[in-house]
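In what follows, a single structure is set out as C-alpha cells and then discussed.
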There are 2 protein chains.
Amino acid sequence: MPPARPETDATPGPRRHEGAVREMAGYNLKRAYIVLHSAAQEAAAEFDLRIPTFSCLSVIVRNPEITPSKLAEMLRIERSNTVVIVDELETRELVSRKRMKTDRRRYALSATVRGRHLHDQAAEAIAQAEATCLTRLSDDEQALLVEMLNRIEGSMTG
Amino acid sequence: MPPARPETDATPGPRRHEGAVREMAGYNLKRAYIVLHSAAQEAAAEFDLRIPTFSCLSVIVRNPEITPSKLAEMLRIERSNTVVIVDELETRELVSRKRMKTDRRRYALSATVRGRHLHDQAAEAIAQAEATCLTRLSDDEQALLVEMLNRIEGSMTG
DNA sequence: CGAATGTAGTTATAGTCAATAACTATTATC
DNA sequence: GATAATAGTTATTGACTATAACTACATTCG
C-alpha cells in the first residue's frame with residue numbers, strides 16, 4: 001500500500017475522501033451489515049424479539065431436543081450467553097427446557113407450538129425486511145453474495 | 001416462507017440443521033464480517049489501535065482539517081463517540097486539534113507525521129490480514145463483492 | 001470402588017461499541 | 001439584543017460478547 005497523503009488535487013470546495021478504510025472489505029462488510037441488521041431488528045421488534053433471540057429460537061425450532069451447548073456452537077456464541085436468551089424464551093413459553101434422563105447435566109430444548117408460530121411469523125417479516133435492502137441485487141447476485149460470504153467464513157474455520 | 005417444522009427425515013444420528021437464519025443474508029453477512037473483523041482487529045492491535053480508532057485516523061489522514069462532525073458523518077458514528085477516539089489520537093500525538101479562526105466552535109483535525117506513518121503501516125498490515133480471509137475469492141470476485149455491498153448500503157441511504 | 005478429571009449449565013463481571021440526552025460555548029437569525 | 005441553531009463535550013445507558021469461576025453430574029482409570 002502506497003503511503004496515504006492528503007489528496008492535494010485542485011478540486012474546489014471541501015471534497016472529502018474516506019481513508020484507506022473505504023477500500024477495505026471488512027469496512028464495506030460492516031456498513032452493509034448495519035443496513036441489513038437494522039432492517040431485521042426493526043422487523044423482529046414487532047414480535048418483541050431481538051436478533052440473537054430470534055436466531056436461537058430459529059435454531060431450536062429446526063433442532064428439537066438440542067442442548068444449549070450445541071446451540072451455542074451452531075450460532076458461534078458463548079454457552080454462557082445462551083442462558084439469558086433461553087431463560088427469556090422459556091419464560092415466554094416459546095421454548096421448553098427438559099432435563100435429559102440419560103445425562104442429567106444436559107437440557108433438551110424444544111420449541112413449543114407457540115414458539116413455532118411466532119418463529120414462522122417473525123421469519124417471514126424479517127425476510128421481507130431484508131428483501132427491501134436487497135432490491136438492487138438480482139436473485140443470482142443475492143445467491144452469489146451468500147455463497148461468497150460463506151467462502152469467507154469458511155476460509156478461517158475450515 | 002413455509003412454516004418451519006422439525007426436519008423429520010430419517011437421517012441417523014443427531015444431524016443438526018441451522019434454522020431459518022442460515023438462509024438470511026444478514027446472518028451470513030454477520031458471520032463473514034466477524035471473520036474479517038477479527039483478523040483486522042488482530043492486525044491493528046500490533047499498533048495499539050482498535051478498528052474504530054484506525055478508521056478515524058484513516059479518514060483524518062486523507063482529509064486534513066476535517067471537523068469532528070464531518071468525521072462522524074463520514075464514518076456514520078455519533079459525534080459524541082468521536083470525542084474519546086480523537087482524545088486518544090491527540091494524546092498519542094497522531095492527530096492535532098486546532099481551533100478554527102473562522103468559527104471558534106469548530107476544531108480542525110489533521111494527522112501528524114507520526115500519525116501518517118503509523119496509519120500507513122497499520123493499513124498495510126490490516127490489508128494483508130484481510131487478504132488472508134479472502135484467498136478463496138478471486139480478484140474479480142472481491143471487487144464484485146465490495147460493489148454489491150455498496151449497493152446494499154446505498155439501498156437505504158440513497 | 002473411588003479419586004481425579006472432564007463436561008454442561010450457570011453466575012457474575014467486564015469490555016466494546018453504539019445511541020441518547022443534557023450541557024457549554026459560539027455563531028446565526030430576526 | 002433576544003432567540004434559535006450549531007459544534008463539541010460529558011455522562012449515561014443498553015445491547016452484545018467474552019472470560020473466569022462456580023455447581024452438579026459424568027467419565028476415566030488406578
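A, B, ... follow the sequence lines: proteins, then strands. Residue 1 opens every chain. The basis for the numbers below is simple: all heavy atoms, side chains too, and nothing from hydrogens, waters or symmetry mates.
- Legend: ring-ring contact (aromatic ring centres under 6.0 Å, His included) pairs involving residues 80-99 of chain B, not counting sequence neighbours: none detected.
- For the segment residues 85-111 of chain B, residues with any heavy atom less than 4.0 angstrom from an atom of DNA chain C are, sorted by number, B/D103, B/R104, B/R105.
- Residue-to-nucleotide proximity on DNA chain D shows that, of A/R79 and B/R79, the 5′-proximal contact is made by B/R79.
- With sequence neighbours excluded, the residues that form a side chain to side chain donor-acceptor pair (under 3.5 Å) with A/Q128 are A/E124.
- Residues forming a salt bridge (Lys or Arg N to Asp or Glu O under 4.0 Å) with B/E78 (at least two apart in sequence, or on another chain): none.
- Below the 3.5 angstrom threshold, one finds a donor paired with an acceptor across the side chain of A/S80 and the base of D/dT19.
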Using the rule given for side-chain hydrogen bond (donor to acceptor under 3.5 Å, both in side chains), can you reason through B/N150 versus A/R136, listing the C-alpha separation, both sets of side-chain angles and the distance that settles it, and then say yes or no? CA-CA 10 Å; B/N150 284 316; A/R136 295 190 184 180; over 6 Å; no

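- Legend: residues meeting salt bridge (Lys or Arg N to Asp or Glu O under 4.0 Å) with A/R50, ordered by chain and number and at least two apart, are A/E88.
- Nearer to the 5' terminus of DNA chain C, by closest-nucleotide assignment, is the contact made by A/V83 (compared with the other of A/I34 and A/V83).
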Please produce a list of atom pairs where a protein N or O lies less than 3.5 Å from an N or O of nucleotides 12-16 of chain D.
{"unit_1": "D/dC16", "atom_1": "OP2", "unit_2": "A/R50", "atom_2": "NH1", "d": "2.3"}

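- For the side chain to side chain donor-acceptor pair (under 3.5 Å) condition, the pairs that include at least one residue of residues 93-103 of chain B, sequence neighbours left out, are B/E65-B/K98, B/D87-B/R97, B/E90-B/R97, B/R99-B/Y107, B/D103-B/R105, B/D103-B/R106.
- Listed by first and then second residue, the ring-ring contact (aromatic ring centres under 6.0 Å, His included) pairs involving residues 52-87 of chain B are B/F54-B/H119 (not counting sequence neighbours).
- Residues in residues 140-152 of chain B take part in these salt bridge (Lys or Arg N to Asp or Glu O under 4.0 Å) pairs, two or more places apart or across chains: A/E141-B/R151, A/R151-B/E141, B/E147-B/R151.
- Interface limits on DNA chain C: the 5'-most and 3'-most nucleotides within less than 4.0 Å of chain A heavy atoms are C/dG6 to C/dA18.
- Following rounding to the nearest Å, B/E78 (CD) and D/dA7 (P) show an atom-to-atom distance of 14 Å.
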May I have the list of side-chain donor-acceptor pairs in residues 29-46 of chain B shorter than 3.5 Å, sequence neighbours left out?
{"unit_1": "B/R31", "atom_1": "NE", "unit_2": "A/E153", "atom_2": "OE2", "d": "2.9"}
{"unit_1": "B/R31", "atom_1": "NH1", "unit_2": "A/M74", "atom_2": "O", "d": "3.1"}
{"unit_1": "B/R31", "atom_1": "NH1", "unit_2": "B/E18", "atom_2": "OE2", "d": "3.1"}
{"unit_1": "B/R31", "atom_1": "NH1", "unit_2": "B/Y27", "atom_2": "OH", "d": "2.5"}
{"unit_1": "B/R31", "atom_1": "NH2", "unit_2": "A/E153", "atom_2": "OE2", "d": "3.0"}
{"unit_1": "B/S38", "atom_1": "OG", "unit_2": "B/I34", "atom_2": "O", "d": "2.7"}

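- Not counting sequence neighbours, B/N81 has no partner by the side chain to side chain donor-acceptor pair (under 3.5 Å) test.
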